[in-house]
*Asks:* 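Attaching a single structure in structure tokens format; questions to follow.
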Amino acid sequence: MKIVHKIMWANIINIIFIALVYLFAVQFLELILAKLQFVEIADDLNASFLEMRLSEKNYFLYGDETVLKEIKGKLDESINSITSVQDSIVRAVGDSKYKELRRSVEEYKAAIQQVAANIASATEDTSMQETVRDSGRKLREFSAKIVSLERKKVNDIISHSKKVLFYFFCVAILIAMAATYLFFSKFLRSLKGIEKTATCISQGDFCKVEGTVTGDELGSVMAAINSMSEELDSRYEQIVQSRKLASLGILTAGVAHELGNPLNNIALVAQTYLELADHLSKEDTIDYMRTIEEETHRIEKIVQDLLHFSKPKQPNSKATEVNSVVEKSFKLVHNMLHVSGIDARLNLQEGLPHVFIDEDRIQEVIVNLIINAIEVMSPGGVISLKTYLEEKGDYVVIEVEDTGEGITAEHLPHIFDPFFTTKGVRGTGLGLSVSYGIIKNHKGNMKVESKEGVGTTFFIELPVHRLIA
Amino acid sequence: MNGARIMVVDDEKIVGKMIKASFEQDGYTVETFSDANPALARLEEEKFAVVITDLKMKDIDGMQVLETIKAESPETKVIMITAFASMDAAIEALRKKVDDFFPKPIKIKDLKLCVKDLLSE
């Protein structure tokens, strides 16, 4: 499901839930309102009955006839009132109780009417007074009961509403937590995967995002990263190759000198032979020819070394002795060092354990570092190549140190970033990044230390090959 | 000027060997050195009419050999040969009063003509 749909669903559920809470609250509030209205009427009735009882008492005490009329008027009002809220009363106390109330009112009315019909004897007739008082008390008790009953119901409804709202609150929290877990745990897992892959890629390991590619927007990002990683992996070889060709271009300056000497030797031997042919002994002639042959081999060797360096190669790792790789790399550049007036010092520790490496790749890295060092040094500079075993004995270290200008603290953290260069248009900014990738692919580390005005040291750490060592 | 003393300094021994063989045929006396230091020491002992030196050598730079010779024995002619013939190197050598400059591969005939010209000056 797409993220936008997930958010939409979350919103829909949210809205439905809020609507439910709203409907519930409205229903309860209406119920409370109805009850309160009813309580108000019941209160009025109660008050009215109380007044009637007071009037009734006054009548029996002072025999004022107008009081009886007042009672009758109030009774009629009460009967109207009871009839108008009949439904509410039936709902509140039940049909039988309602009828009982009606009956009580009617009885009281009848008793009052009887008193009105016998005004002369009423104040003296105790049995009549007793009937009126009884039915009046009953009525009053009944109405008071209804009021207290209804008040209690209102309280019940409020406390029930409180409980229900609390349950709604709990359910809302549970839904929120579940939704967060369902929607975002997968989302966060995918994000973590993407972050991990991006870190791998930045270190030259063109891995893919772990886990299944989902159908949402994040899935599209994952798929895009995976295809980018694949593309980078296939382009990586091209980058390595183009970088190598760039190195080769720089090496050519040294190679020109390297080839120039044997060519000159052959030319000189040939010219001398042509000049002195008549005077040369057989041994001399053989010596001349051997020289020519040797010099041709020398040229062939130089050309082969260059070809070997420039040719694209299939990765081929095997247990290797590091010193031999350093020496081969050094041989490839020694003439360039010579031409550039750079002094080279080799300090290779004997008896180092083997490392499991692709010799050609590591050679490319070393050559690249030496060429970089030559470029930043003026004649008289010194380049030191060292090999040794790291303290813990887990890595064999190749150290390439120069006495160049050093790298500024500002540039140092970016030195292995792709396309970062301090050489301006002369640099591609790929050399060190490709080298870094090669070393990382060997499960090794590449580090740099530099001091402005003093020089720079690169450390290549390659894991010891335990099976062989 | 046959019989003149010529010194060849080049870490490629064949260069000295061939120049010696060819030049001695014409009556020159040729001494060869593959390192600059013994060559400079020899120059202190004896004067040479022409010194042919390589530019890039292991111990001392040919430019330094040129400088030393021109400082101590200005009449000695110096011819520089190099497999790394850059314009910068040629200009620097000219500044240091080199008498001629030959890029490798060398044509012995031209070298001989050059030596002959320098000696007849």
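Here is how names work: the chains are called A, B, and so on, in the same order as the sequence lines, proteins then strands, and each is numbered from 1.
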*Asks:* Nearest heavy-atom pair of A/Thr272 and B/Ala21: which atoms, and what distance?
*Replies:* CG2-CB, 3.9 Å

*Asks:* Could you tell me which residues satisfy ring-ring contact (aromatic ring centres under 6.0 Å, His included) with B/Phe33, sequence neighbours excluded, listed by chain and number?
*Replies:* none

*Asks:* Is a donor from one side chain sitting under 3.5 angstrom from an acceptor on the other, for B/Glu12 and A/Asn265?
*Replies:* yes

*Asks:* With sequence neighbours left out, which residue pairs that include part of residues 73-82 of chain B fulfil the salt bridge (Lys or Arg N to Asp or Glu O under 4.0 Å) condition?
*Replies:* B/Lys47-B/Glu75, B/Lys77-B/Glu121

*Asks:* Got B/Ile14 and A/Glu295 here, is their nearest side-chain heavy-atom distance under 4.5 Å?
*Replies:* yes

*Asks:* Out of curiosity, A/Leu263 CG to B/Lys104 NZ, how far, rounded to the nearest 0.5 Å?
*Replies:* 11.0 Å

*Asks:* By a 4.5 Å heavy-atom criterion (distance strictly below it), what part of A/Tyr273 contacts chain B: side chain, backbone, both, or neither?
*Replies:* neither

*Asks:* Does any part of the side chain of A/Asp287, heavy atoms only, come nearer than 4.5 Å to the side chain of B/Lys17, both counted from C-beta?
*Replies:* yes

*Asks:* So, taking the atom named CG in B/Leu111 and the one named CG in A/Leu268, what distance separates them when rounded to the nearest 0.5 Å?
*Replies:* 8.5 Å

*Asks:* Would the number of heavy atoms belonging to other residues, nucleotides or ligands and lying under 6.0 Å from CZ of A/Arg290 be above 12?
*Replies:* no

*Asks:* Between B/Met18 and A/Gln271, is any pair of side-chain heavy atoms under 4.5 Å apart?
*Replies:* no

*Asks:* Shortest non-hydrogen contact from A/Glu275 to B/Asp26?
*Replies:* OE2-OD1, 4.1 Å

*Asks:* Pick one of side chain, backbone, both or neither for B/Lys20, based on which atoms fall under 4.5 Å of a heavy atom in chain A.
*Replies:* neither

*Asks:* Please answer whether the main-chain N or O of B/Ile106 pairs with a side-chain N or O of A/Asn264 as donor and acceptor at a distance below 3.5 Å.
*Replies:* yes

*Asks:* Using heavy-atom distances under 4.5 Å, tell me whether A/Leu276 contacts chain B through its side chain, its backbone, both, or neither.
*Replies:* side chain

*Asks:* Less than 4.5 Å to any heavy atom of chain B: does that hold for the side chain of A/Asp343, its backbone, both, or neither?
*Replies:* neither

*Asks:* May I have the step-by-step check of side chain to side chain contact (heavy atoms under 4.5 Å, CB included) for B/Gln25 and A/His279, ending in yes or no?
*Replies:* CA-CA 10 Å; B/Gln25 194 66 27; A/His279 312 279; 3.5 Å; yes

